[in-house]
Amino acid sequence: MTYRDDIRFILNGREVSARDVGASRTLLDFLRLERRLTGTKEGCAEGDCGACTVLVGRLTEAGLIYAPVNACIRFLASVDGCHVVTVEHVSGPEGALHPVQQAMIDFHGSQCGFCTPGFVMSLYALWMQTPEPTEAQVETALQGNLCRCTGYAPIIRAAVAVSRYGTPAADHLTAEREAMTARLRALRDGRRVVTGPDDNLAILPADVDDLAQCLVETPGATIVAGATDVGLWVTKFLRPIGPAIFTGHLEALKTVAREADHLLIGAGASYTDCQSLLSQHLPHLAPYWDRIAGWQVRNMGTVGGNIANGSPIGDTPPVLIALGAEITLRHGSERRTLPLERFFLDYGKQDRAAGEFVESIRIPLPGASDRNAAYKISKRRDEDISTVAAGLSVTVERGRITRARLAFGGMAATPKRAAQAEAALIGQPWAHATFEAAAEALAEDFSPLSDWRGSAGYRMLSAQNLLRRFFLEQDADTTAPAQLATA
């Protein structure tokens, strides 16, 4: 196989060929330090504040799609074959302000200005997708952008008013989309990319089969999908990650489809890639999905990565375990499938051998008698890590519970089902007393730890109250005591 040793992409309007790109080199450092595009700011360096937001356009089956991402935790190697757009490229001919920029000025949406470029880029992406957004849509789009000066009201007013200043049809990214698509296609050569120094090597496989081969050849390599966690290893913990194998460019890993009685999600599909299909077939996940991080992180982070990371407070494992999800792991040409709950063995330990990777997730579709819910408790409502996460799935037939799957995150060393609480439900009538018994049984299932996110007592009470909440929300005719409605 012939290799390529450079990362090729288009930065604003110019083609870039970068050689010797180490695995840990961030897009933000490249923009600011090498290209002097200092409009993109570094605030938190962990994908939390949005000051570093840029747009990344990638070719998909649906065409060229632009999404806001965090440049601080996006690695330079991962933008191979992409179009990177910074705030310097937003203005029109002869420096005329973009409609988003003009609206921000007219509605007094900026004070110190440090966060403003990130807001502009997020609102630019929103405007292109939804020219006349509601306030709720604006708030969702800005979950990943923090402002410490102005407050959000004038920014939201500016976002709602942008289309008074111009339409996406007249925007230069729209006008140039066909030409940009052709330029990006020309960058594709179907070869594996190997670049960077030996101790910080970045590898981009040619396809999924080549990914499997790369992991066989380098079984100890770091797999980098969305980098929303690995990025912090570099920026916060100064950990070496090389050699690293990047997978974000592999469209075959981004499958999102319904197949007969289940959904098939490729391990490389981002939260955003999955959102529409999940909302359609698993509507109880729609509000939960909007609480996973912020828009930028949802555009980068992958469901497969969230699973493979193995965190006990990961957002997706509890809700997927409750639905009976299975994962397929691959090593070379060999595959094996196992229930998701069995993948997590202990804290920081998963049932994944060296050189093996998560390839896909299979989610059974609920039946007509199933009642499902997904809950998240966190210090902040938006863009925060879970203190407790819960996925609840119960089958009720003729007023009696015949099946129960209750999965929790943040309550043990791994995402885990509540076996005793499930047993307290199965065979019992759908009633307030049944769920009270199940809530009490949670104390037999879990002995949570105390940390800065929540004490053991807080976590246990929260988990118990989520069971009570589930019953109250699902039962329109409940006669449960009124005080439980605030649990």
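These values consider heavy atoms only, across backbone and side chains, with no hydrogens, waters or symmetry-generated copies. Index from 1, following the sequence.
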- Mind telling me whether Phe435 and Trp430 have parallel, tilted or perpendicular rings, with 30° and 60° as the class edges?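 The arrangement is perpendicular - the two ring planes meet at more than 60°.
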- Task: Measure the acute angle between the ring planes of Phe471 and His432, then classify it against the limits of 30° and 60° as parallel, tilted or perpendicular.
- Result: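 Phe471 and His432: tilted rings.
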Testing the basics here: between [X] and [Y], what is the closest heavy-atom pair and its distance to 0.1 Å?
{"X": "Ala227", "Y": "Ile73", "value": "CB-O, 3.4 Å"}
{"X": "Leu142", "Y": "Ser122", "value": "CD2-CB, 4.0 Å"}
{"X": "Gln296", "Y": "Thr53", "value": "NE2-OG1, 2.9 Å"}
{"X": "Val87", "Y": "Thr40", "value": "CG1-N, 4.4 Å"}
{"X": "Asn70", "Y": "Gly47", "value": "OD1-O, 3.5 Å"}

- Walk me through it: do Asn200 and Ser24 pass the test side chain to side chain donor-acceptor pair (under 3.5 Å)? CA-CA 7 Å; Asn200 193 25; Ser24 59; 3.0 Å; yes
N/O donor-acceptor pairs under 3.5 Å from side chains in residues 314-329, not counting sequence neighbours:
from, atom 1, to, atom 2, distance (Å)
Asp315, OD1, Lys376, NZ, 3.3
Asp315, OD1, Ser386, OG, 2.6
Asp315, OD2, Lys376, NZ, 3.4
Thr316, OG1, Asn306, OD1, 2.6
Thr328, OG1, Thr337, OG1, 3.0

- Item | Residues Arg381 and Asp290 bridged, charged N to O under 4.0 Å |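 Looking at Asp290 together with Arg381, the answer is no, because their closest N to O distance does not fall below 4.0 Å.
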- Message: Would you say that Arg25 contacts Phe75 through its side chain, given a criterion of any heavy-atom pair below 4.5 Å between the two side chains?
- Response: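 Answer no - side chains too far apart.
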- Message: For Glu135, is the CD atom crowded, meaning more than 12 foreign heavy atoms sit under 6.0 Å from it?
- Response: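 Not buried by this count: 12 neighbours or fewer within 6.0 Å.
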- Under 6.0 Å from the CD atom of Gln129, do we count more than 12 heavy atoms belonging to anything else shown?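 Atom CD in Gln129 is packed in, count exceeds 12.
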- Message: Set out, in order, the CA-CA distance, both residues' side-chain angles and the distance that settles side chain to side chain donor-acceptor pair (under 3.5 Å) for Thr116 and Ser110, then state yes or no.
- Response: CA-CA 6 Å; Thr116 301; Ser110 178; 2.7 Å; yes
- Message: Considering only residues two or more places apart or on different chains, which pairs with a residue in residues 437-455 satisfy salt bridge (charged side-chain N to carboxylate O under 4.0 Å, His left out)?
- Response: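 Salt bridge (charged side-chain N to carboxylate O under 4.0 Å, His left out) check on residues 437-455 returns Asp384-Arg453, Glu440-Arg468, Asp451-Arg459.
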- Aromatic centroids of Tyr288 and Tyr375 separated by under 6.0 Å: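 Between Tyr288 and Tyr375, which both carry aromatic rings, the centre distance is not below 6.0 Å.
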- Message: What's the separation between atom CD in Glu383 and atom CD in Gln143, rounded to the nearest 0.5 Å?
- Response: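 Result: 7.5 Å between the selected atoms.
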- In Å, rounded to the nearest 0.5 Å, how long is the span from CG of Leu37 to CZ of Arg32?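 Between atom CG of Leu37 and atom CZ of Arg32 there are 10.0 Å.
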